[in-house]
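One structure is given below, encoded as structure tokens.
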Amino acid sequence: MIQPPATLGMLGGGQLGRYFVIAAQQLGYRVMVLDPDLNSTAGRIADVHIAAAYDDRDALQRMAQSCAAITTEFESVPAETLAYLATFVPVQPSAEALATCQNRSAEKGFLKTHGFPHAPYADIRSESDALNASADLFPGILKVARFGYDGKGQVQVSNREEALAAFRQFGNEACVLEKKLALDHELSVVLTRCASGDVKCFPVAENHHQQGILDHSIVAAQGAAGEQSIKARSIAEKIALAMDYVGTLSVEFFVVDGQLYVNELAPRPHNSGHYTLDACLTNQFEQQVRALCGLPLGEPSAHSAAVMVNLLGDIWFANDPGQASEPDWEKLLAYPGLKLHLYGKGEARPGRKMGHFTVLGKTIETPYRTAMAARQAIGLSAG
Ligand code: ADP
Ligand code: MG
């Protein structure tokens, strides 16, 4: 067990890292953040921020010497970085698990090999792969295998010619072509698994996306409806076991005709788990700290129903498309049961995640109504 005031290492300085820093510091730990951005939102509140590249050997040496254990908030850190650090200190998740989750092709290969339900897909590694793709995969979505997020690096394609054009547009980078499914809705499970094998899942969130970016999550206090929720959690736990995953893992699901399909895995806490900050006895970031330090996992259950709404940089431009201005937060803060979170990022840009708010209540109806009214008050279109 790693005792406070040990220093914990965090690879990545975004908002997920920031909440890890807060959770770790609350438990008396110190945190060292590695992120090349001098102004990173987690780096600014960490005990130490090393502004260097994720493969900078001097920086990694420093982390290995200072940190009792290291984790990540960002799946695109090189897997070699985790493997290197793991030769000196405990690292969660493993380099192997990260390598699987950071590459859509490896991830889907893993799901396929282990018999987990997923959308029909094909690996597209060459122009001839695109031209010979099965007709069943159209209309489909061509996704770059690496570095895509928030719907970036994805194009809808209706036939082989469009798949080829999109593949070329991505610079002939390895891609996957996935059949476009008619989604009823989407779900996610965030879980934490300890080295001992103990697993705790948070209540299942129902997720609604706009333009490939999470817009809002709805969580009844017991999680999404009964049987489907139990099934989603069971699949997520089996995935963690099959990967021998240690740390916090997020599993996104599509629901199509009532059936669950695993969409993708994130080897870290997740935007759809932000509701846990306000609605659960232990939040997803504290759970990540606990697993990293070998502490007992916390109780993940929700004490309230919750609706979480993302605040993207777009609303900074609601008054003037050419000039960012601070939204009128008073309008949000006036709603009862609404908790506002802003990440302290310097510059607002369209599509950039700047913050979120969560509305809490005993049952889901009131927070849902309040959240939808609040989003309109702050200049977001109806969800
Ligand atoms: P990202 O890494 O950007 O989150 P995802 O693969 O999760 O990438 O895609 C983002 C969103 O786009 C999904 O949450 C879903 O709303 C939509 N989407 C992705 N793939 C499909 C698909 N095969 N069929 C229907 N919708 C999809
Ligand atoms: Mg996704």
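Counting convention: from 1, in listed order, for ligands and their atoms alike.
With ligand atoms numbered from 1 in the order given, ligand 1 contributes 5 (P), 6 (O), 19 (C), 20 (N) to contacts under 4.0 Å with heavy atoms of K143. Ligand 1 places these atoms under 4.0 Å from at least one heavy atom of E178: 20 (N), 21 (C), 22 (C), 23 (N). Near D150, meaning under 4.0 Å from any of its heavy atoms, are these atoms of ligand 1: 1 (P), 3 (O). Close approach of ligand 1 to E252 (heavy-atom distance below 4.0 Å) involves ligand atoms 7 (O). Taking a cut-off of under 4.0 Å to the non-hydrogen atoms of H209, the atoms of ligand 1 that pass are 14 (O), 16 (O).
A salt bridge does not link D123 with K108: none of the charged nitrogens is closer than 4.0 Å to a carboxylate oxygen. Between D314 and R352 there is no salt bridge, since no side-chain N of the basic residue sits under 4.0 Å from a carboxylate O of the acidic one. We find that E162 and R160 are not joined by a salt bridge, their nearest charged nitrogen and carboxylate oxygen being 4.0 Å or further apart.
The distance from the Mg ion (ligand 2) to the nearest N/O/S atom of E264 is under 2.8 Å.
The protein heavy-atom contact nearest to atom 26 (N) of ligand 1 is L183 CD1, 3.6 Å. Counting only heavy atoms of the protein, atom 10 (C) of ligand 1 lies nearest to G212 O, 3.7 Å. Summary of contacts: the protein heavy atom closest to atom 4 (O) of ligand 1 is E264 OE2, 2.8 Å. Scanning the protein for heavy atoms near atom 3 (O) of ligand 1, the closest one is G151 N, 2.5 Å. For atom 25 (C) of ligand 1, the nearest non-hydrogen atom of the protein is L181 O, 3.3 Å. In this structure, atom 13 (C) of ligand 1 lies nearest to the protein heavy atom E186 OE1, 3.4 Å. Closest to atom 22 (C) of ligand 1, if we only count protein heavy atoms, is I141 CD1, 3.6 Å.
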Derivation and outcome, ring-ring contact (aromatic ring centres under 6.0 Å, His included), residues Y343 and H356
CA-CA 9 Å; Y343 308 143; H356 69 269; 5.8 Å; yes
Test log, rule side-chain hydrogen bond (donor to acceptor under 3.5 Å, both in side chains), inputs Q25 and D47:
CA-CA 9 Å; Q25 290 176 341; D47 296 85; 2.9 Å; yes
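Looking at E252, its N, O or S atom nearest to the Mg ion (ligand 2) turns out to be OE1.
With a heavy-atom cut-off of 4.0 Å, N207 does not touch ligand 1 at all. Counting heavy atoms closer than 4.0 Å to ligand 1, residue R104 contributes side-chain atoms (C-beta onward) but none from N, CA, C or O. Under 4.0 angstrom from ligand 1, there are no non-hydrogen atoms of L214.
Among Q154, Q211, Q156, the residue whose heavy atom lies nearest to atom 5 (P) of ligand 1 is Q154. Nearest to atom 18 (N) of ligand 1 by heavy atom, out of Y261, F254, Y149, Y121, is F254.
Not one N or O on the side chain of Q211 forms a donor-acceptor pair closer than 3.5 Å with the backbone of I213. Distance alone, capped at 3.5 Å, places no donor-acceptor pair between the E178 side chain and the Y121 backbone.
Considering only heavy atoms from C-beta on, H185 stays 4.5 Å or farther from L183 through its side chain. Counting heavy atoms from C-beta on, the side chains of T192 and R290 never come closer than 4.5 Å.
Residue-ligand proximity: A119 is placed with every non-hydrogen atom at 4.0 Å or more from ligand 1.
Checked against the 6.0 Å centroid criterion, the rings of Y54 and F74 qualify as a close aromatic pair.
For the atom pair CD (Q61) and OG (S66), the distance works out to 10.5 Å, reported to the nearest 0.5 Å.
By the 30° and 60° cut-offs, the orientation of the rings of H114 relative to F116 is parallel.
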